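The structure appears below as structure tokens.
Remember, predicted model here, so these are calculated numbers, not experimental data. Just so it is clear, the values below take in all heavy atoms, side chains as well, and ignore hydrogens, waters and symmetry mates.
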Amino acid sequence: MMRWRGQRRLLLVAAACLALGACGKAPEKREMAAVPRPMGPVPGSKEDFVPSFGMAPQPGLEAMKRRYVALSHSYTLRLPAEAVEMAQRRDLDACAKLGCEILESQLNRTGFRGQVTAHTSLRLPPAALAPFTAGLAAPPAEIAAHSETSEDKTLAVLDVDKRLETKIALRERLTALLHQTNTKNVSDLLNVEHTLAQVQGDIESATAQRDYLRTQTEMVKVDIRYDGIQPDEPKPNGVDWRPLKTAAKDFGDILVDSLANVMTFTARILPWLPLAALTGWLLRVVWRRWRRKGT
């Protein structure tokens with residue numbers, strides 16, 4: 001009977017401990033259930049990194065990503081020598097209609113065989129590049145070579161803009177300081193005016209540099225070289241005497257050119273001949289006296 005009572009007490013104690021343990025865990029479960037689960041991906045996880053691509057960039061980032069690139073094209077045209085001047089004039093007229101800026105234009109007639117070359121350098125808006133270059137290959141001209149280059153001017157443009165912004169802010173501060181004449185003497189005012197003039201000069205220089213860089217990046221430079229070609233003469237039947245005629249003509253031209261060089265040299269050295277003769281006579285006199293003293 002006593003043993004049964006002892007076992008019954010042990011069972012009651014164990015049941016009470018289990019009940020207390022269950023009561024202690026129930027609030028923890030309810031507390032965990034009350035915490036809301038995140039709806040999106042965990043920050044820093046792979047799911048959070050992948051959707052970030054394609055998001056709309058911020059305005060500041062968009063300004064930083066802007067690039068300033070100077071584009072230039074170079075063309076070499078081959079055409080008959082007698083058509084070089086006409087083709088160059090045609091391209092210059094087309095350039096004027098498209099609102100371009102002509103940087104350089106020259107026509108050269110060199111050599112003894114009537115060689116004709118020309119060169120044109122210009123800048124035009126990007127929208128006018130295709131219409132202009134489409135007319136370069138108009139007959140009788142043909143495009144022998146074409147190259148395109150690009151140069152990044154972003155750092156230069158940003159550097160000039162930053163320096164210009166700093167100088168303008170300094171000019172405003174100096175102007176405000178110059179208007180406050182209550183606490184300054186004449187020497188301070190002169191120093192402020194001198195500094196203000198230097199800052200204004202720096203602003204004008206930076207503005208000109210910025211405008212030049214913008215012209216390089218906002219317009220396209222095109223260089224055109226015109227190579228005039230003389231037509232080949234048909235070969236006669238029998239012996240071809242053309243090389244001998246060409247050599248004879250070149251011989252006469254070279255001889256005349258050499259005589260011209262001799263005449264030019266004589267004209268350059270002739271005024272110095274009396275001075276050279278006088279110097280030689282003085283040296284001879286000095287040499288004779290020195291020999292007499294030696295003997």
Side-chain angles (χ1 to χ4, degrees), residues 69-153 212-265 267:
V69 181
L71 298 177
S72 60
H73 292 262
S74 179
Y75 291 88
T76 300
L77 304 182
R78 296 182 60 187
L79 66 167
E82 63 273 9
V84 169
E85 186 175 0
M86 181 181 64
Q88 186 185 35
R89 176 54 53 188
R90 176 200 63 191
D91 295 336
L92 291 176
D93 293 341
C95 170
K97 293 179 181 179
L98 295 173
C100 73
E101 176 186 359
I102 299 175
L103 303 178
E104 182 184 1
S105 178
Q106 59 181 358
L107 179 67
N108 302 319
R109 301 180 184 273
T110 58
F112 303 115
R113 302 180 182 178
Q115 297 178 356
V116 181
T117 60
H119 176 259
T120 300
S121 181
L122 52 91
R123 296 186 189 275
L124 45 79
L129 178 63
F132 178 77
T133 56
L136 293 179
E142 62 177 4
I143 298 177
H146 171 224
S147 62
E148 178 182 358
T149 59
S150 61
E151 184 179 0
D152 192 353
K153 300 284 188 178
Y212 177 70
L213 289 173
R214 286 184 176 178
T215 302
Q216 286 184 316
T217 56
E218 294 177 359
M219 302 186 73
V220 182
K221 184 180 180 182
V222 179
D223 292 320
I224 310 170
R225 175 180 173 83
Y226 304 85
D227 287 339
I229 302 174
Q230 292 290 346
D232 295 334
E233 297 180 1
K235 292 184 178 181
N237 296 328
V239 181
D240 188 5
W241 298 97
R242 291 180 303 171
L244 187 59
K245 293 180 180 179
T246 303
K249 184 178 182 301
D250 291 343
F251 175 80
D253 292 335
I254 294 174
L255 181 61
V256 171
D257 189 54
S258 299
L259 291 176
N261 292 331
V262 170
M263 294 178 63
T264 302
F265 176 76

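Legend: residues meeting side-chain contact (heavy atoms from CB on, under 4.5 Å) with Ser150, ordered by chain and number and at least two apart, are Val69, Leu71. Checked against side chain to side chain donor-acceptor pair (under 3.5 Å), Lys153 has the following partners two or more places apart in sequence or in another chain: Glu151. With sequence neighbours left out, the side chain to side chain donor-acceptor pair (under 3.5 Å) criterion links His146 to His73, Tyr75. For Ser72, the side chain to side chain donor-acceptor pair (under 3.5 Å) partners two or more places apart in sequence, or in a different chain, are Thr149. Every residue meeting the side-chain contact (heavy atoms from CB on, under 4.5 Å) condition with Glu85, not counting sequence neighbours, appears here in chain and number order: Leu107, Arg109. The side chain to side chain donor-acceptor pair (under 3.5 Å) test applied to Arg225 returns Asp227, not counting sequence neighbours.
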Identify each donor-acceptor pair in which a side-chain atom of residues 121-137 lies under 3.5 Å from a protein atom, sequence neighbours left out, and give them as a table.
from   : atom 1 : to     : atom 2 : distance (Å)
Ser121 : OG     : Asp223 : OD1    : 2.7
Thr133 : OG1    : Leu129 : O      : 2.9
Thr133 : OG1    : Ala130 : O      : 3.3

Taking distance alone, no hydrogens or angles, what donor-acceptor pairs closer than 3.5 Å link side-chain atoms of residues 89-106 to residues at least two apart or in another chain?
from   : atom 1 : to     : atom 2 : distance (Å)
Asp91  : OD2    : Tyr226 : OH     : 2.6
Ser105 : OG     : Gln88  : NE2    : 3.2

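Atom CD1 in Ile143 sits 6.0 Å away from atom CG in Leu77 (nearest 0.5 Å). A distance of 5.5 Å separates OG1 of Thr120 from CD1 of Ile224, quoted to the nearest 0.5 Å.
Here ring pair (Phe, Tyr, Trp, His ring centres under 6.0 Å) pairs that include residues 78-102, with residues two or more places apart or in two chains, number zero.
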